[in-house]
Amino acid sequence: MDLDTFINLLLAGITLGTVYLMMAMGLTLVYGVTKVFNYAQGSFFSWGGYLAWYLSVGVLGWNYYLVIPITLVVMFIAGMIFEKVIILPLRRFPGWDFTVIIVTLGCSLALDNLILVIFGPLSKTIPHLMEGTLKIGKFVVAQHDVLMLVIGILMFIILQLFLSKTWIGLALRAVSQDNVGAKIVGLPLNTLYSVAFGIAGLLSAVAAILLAPRTLLYPLVGWSTLLKAFVVIVLGGLGNIKGTVIAAFALSIAEIFLSYFLGGIWAMPLFLAVLVVLLVFKPKGLFGSW
Amino acid sequence: MVNNLLKNLSRIGLLLLLAILPILFHDNDHIMNIIILCLIWGVVAASWDLILGYANLFSFGHLSFFVIGGYASGLLAKYIGLTPWLGYIAGGIAAAIIGFLIGIPCLRLKGMYLAIVTFSLNFVLPTLIVWAGPGKFENFSTGGSWGLTRIPAPSLFGYVFTRQELVPWYYLSLGFFIMFLSIIYLIIKSNIGLAFIALRDAEPQAKSLGVNEYKYKLLVFALSAFIAGSAGAYYASYFSLISPASMNLDVFLIVLVMVLFGGLGVFPGAAIGAFIITIVNELLRPTLEWRLVILGTIVILTMMFMPKGIMDILALLGRLMKRILNIRRSSKSTPA
Amino acid sequence: MLKVDNINFYYGEVQVLKDVSLKVEEGEFVAIFGPNGHGKSTLLKVICGLLKPVSGSINYNDHVISRLSTQAIVEMGLVYIPEDRNLFPEMTVAENLRMGAYVKHARSKMKENFELVYQLFPKLKTLNDRTVSGLSGGEARMLAIGRGLMSSPKFLAIDEPSFGLAPNLRVDVFKAIEEIRQRGATILLVEQSTFIASNYANRIYAIEDGKIIFEGSKEEANHNEEIRKMFLGI
């Protein structure tokens with residue numbers, strides 16, 4: 001392998017890592033705050049991508065830079081509504097931790113097939129954030145890839161600032177650390193639950209907008225990203241932010257190189273094997289957790 | 001006493017009905033085929049319920065065992081010439097071994113983790129099957145995404161089962177169904193089954209079977225994989241085909257609806273659910289792509305409004321009947 | 001200010017509170033004494049809305065609050081400080097205090113309340129940027145009370161403020177609570193050891209096996225042979 005290929009693969013891996021990081025942060029935030037592992041987040045990803053496609057090149061033909069913020073806002077609200085309509089009513093069930101797994105799974109299957117009904121089985125493509133390439137020294141990289149990295153890092157920083165500076169962000173952390181303590185100081189739990197899902201919806205849409213120009217959109221597109229994001233949060237330690245970042249990039253780079261040498265189908269089985277071994281021997285992930 | 005008698009009578013009646021069904025439908029291949037499918041899926045759903053509803057394990061990879069059984073028996077029959085009868089056992093054993101190997105690490109995982117790991121099998125196994133397709137293993141090719149075709153059907157006393165005559169297939173399937181449901185019933189009524197039920201319904205403080213819990217769960221996991229694998233082998237010989245499409249998410253969804261709609265952990269609810277949902281699924285075919293959206297919605301609504309599935313509906317009907325009877329009685333007793 | 005009428009509460013089959021009634025007037029310092037596991041903490045949790053009573057009613061400033069959420073009750077100025085503290089372990093001391101000021105009426109007074117807390121517990125100021133998981137038991141106790149004060153309480157319901165503290169710290173904590181009362185808050189606290197609390201309390205209740213078995217002033221308690229033996233340890 002020459003240096004050029006190596007750099008290209010590395011770049012592909014790192015940019016993919018930003019996508020996994022978005023999805024992993026959404027999963028972690030929702031799990032921490034609401035104690036729900038949301039199987040439907042893969043569908044949030046798909047719906048975010050299809051919505052962007054519908055508004056832009058697919059049907060309505062709006063300016064793509066206008067479409068992106070609209071998509072993010074819509075997916076934020078959709079996430080909140082999802083929590084209010086589907087998750088909240090389940091909280092009064094006695095065995096709700098089991099119920100909620102099946103219900104989010106059912107939702108995701110319904111939502112994915114709704115895509116099939118509305119948009120059909122043919123795969124779609126959404127635009128790159130920017131067309132064209134950038135020359136750095138003697139290496140040529142796509143501008144979209146550079147933007148993936150920049151936006152990924154930016155989103156990560158914004159989320160961290162949000163969680164450590166704003167009232168709602170701090171409250172979200174407080175709820176995930178001590179639910180009873182959060183009630184005692186009068187935090188609006190039901191609102192916070194919805195906001196967590198809203199943020200997950202928004203992050204999934206960002207992930208889709210970043211990744212879909214590379215992988216295309218099809219009704220079940222969200223699953224592989226969701227499952228890999230799951231491996232990321234377990235590897236990094238549920239709720240451990242530093243661990244999650246390292247795991248996201250380590251896994252994505254490993255995936256790209258594995259696919260290059262062995263073929264794409266081996267990435268998922270290997271991840272699963274790693275995941276199972278890890279869960280058995282280090283249930284708190286490589287970096288511990290809250 | 002009277003209650004028991006009634007129960008036994010209704011069971012015998014049900015069996016009689018199943019025994020004479022072909023008289024009604026023997027010349028309608030479409031309906032016969034659906035009834036045979038009901039019987040096969042009934043076994044699969046009931047075996048899944050054993051893990052999901054009784055052992056309380058969030059295992060979502062049950063169809064892998066079905067498919068592994070189908071491929072194992074199909075490959076053995078095609079390339080080694082194993083008779084389908086032994087193939088049904090071989091398929092079950094192959095699935096049980098894989099189930100055992102998967103179970104060793106996975107059954108130690110917490111619910112949420114077990115759910116996602118086993119669910120991932122629905123994505124991993126099909127890609128591996130397609131990968132092991134034409135050109136990979138000359139003598140043991142899985143047939144790739146087309147699947148393994150021309151799997152032989154069994155023969156009995158010189159009679160070879162064929163898709164041209166579905167009535168013999170029906171009785172064979174019925175025997176198969178009754179045999180496996182009896183086995184599942186015996187497992188549920190065994191000490192281990194009863195222990196699981198006690199565990200499931202116990203107060204939170206008593207949630208442990210001690211050291212043996214893991215062993216019991218592993219055992220039931222492997223047993224249920226055996227049954228699903230055997231059903232897969234049977235399915236493959238009936239259609240003379242097994243393909244990765246049997247693990248598509250829509251198949252997963254349909255079987256999940258069967259178990260949930262039939263009621264988790266209320267034998268034979270899952271089998272009843274399989275009958276109803278197989279038929280509903282056929283009736284929904286004209287709705288095209290909406291079919292799966294509807295089935296997904298049934299999952300959500302079932303979990304939200306009737307967590308015991310069909311039993312909740314029966315209870316509701318019972319209450320309604322009582323109220324109607326009461327109204328009659330009271331309207332009679334009050335003078336006009 | 002607070003009027004509890006015939007509250008009954010069950011954990012599963014076990015009745016933990018039996019027809020409990022009590023009254024706290026504005027500006028009072030009321031202490032409830034009782035042995036461990038006899039329903040004291042449960043009573044406070046029912047008052048602050050974490051648990052819902054099976055029957056009976058709770059009036060606070062002429063509002064029925066027994067069916068309200070804890071959030072709504074905190075917004076009315078009734079603040080609960082739990083014995084097991086329920087702090088946010090991965091957040092700093094300052095962030096924990098800030099969370100105490102989340103409710104609307106407290107946000108506008110956040111600055112004054114920070115000063116009040118630092119004045120009562122100067123130690124907390126030096127620990128400002130530490131996470132809670134590194135605090136000692138006494139420091140965490142102060143933080144729990146401080147976080148309660150950040151909510152601008154008109155009524156404080158405090159569960160065993162001196163539990164697990166060194167004797168000199170206990171006195172400090174009670175002095176701080178008395179100071180809070182003098183600044184206009186009403187205090188209801190439950191204690192197992194009556195030793196210090198009875199010096200500050202205006203009125204005393206005793207609870208045993210989920211029932212109120214005594215009600216009166218400190219003097220009356222001192223003259224009641226049984227109570228004295230049971231709780232005052234004299």
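The model shown is predicted, which means the values in this text are computed figures rather than measured ones. Just so you know, these numbers use all the heavy atoms, side chains as well, and skip hydrogens, waters and symmetry mates. Lettering of chains follows the sequences in order, A, B, ..., and the numbering in each one begins at 1.
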(Q) Taking side chain as everything from C-beta outward and backbone as N, CA, C, O, which of these in C:Ala72 sits under 4.5 Å from a heavy atom of chain A? Side chain, backbone, both or neither. (A) neither

(Q) Out of C:Ala101, C:Pro89, C:Ala106, C:Ala144, return the one with the most heavy atom pairs under 4.5 angstrom to chain A. (A) C:Pro89

Q: In plain terms, say whether C:Lys40 and C:Glu191 are close enough for a salt bridge, that is, a side-chain N and a carboxylate O under 4.0 Å apart.
A: no

Q: Decide, yes or no, whether a salt bridge links C:Glu112 with C:Lys109 under the criterion of side-chain N to carboxylate O below 4.0 Å.
A: no

Q: Between chain A and each of C:Val79, C:Val74, C:Asn86, count heavy-atom pairs under 4.5 Å; write down the option with the most.
A: C:Asn86

Q: Would you mind checking which part of C:Arg107 comes under 4.5 Å of any heavy atom in chain A, side chain (CB onward), backbone (N, CA, C, O), both or neither?
A: side chain

**Q.** Pair C:Glu179 + C:Arg183: basic N to acidic O under 4.0 Å
**A.** yes

**Q.** C:Arg203/C:Glu28 salt bridge by N-O under 4.0 Å criterion
**A.** yes

Q) Is the shortest heavy-atom distance from the side chain of A:Lys228 to the side chain of A:Glu255 under 4.5 Å? A) yes

**Q.** Proximal component of C:Leu50, with respect to chain A [non-hydrogen, under 4.5 Å]
**A.** side chain

(Q) Using a 4.5 angstrom heavy-atom cutoff, name the option from C:Met91, C:Arg85, C:Glu95 with the most pairs to chain A. (A) C:Met91

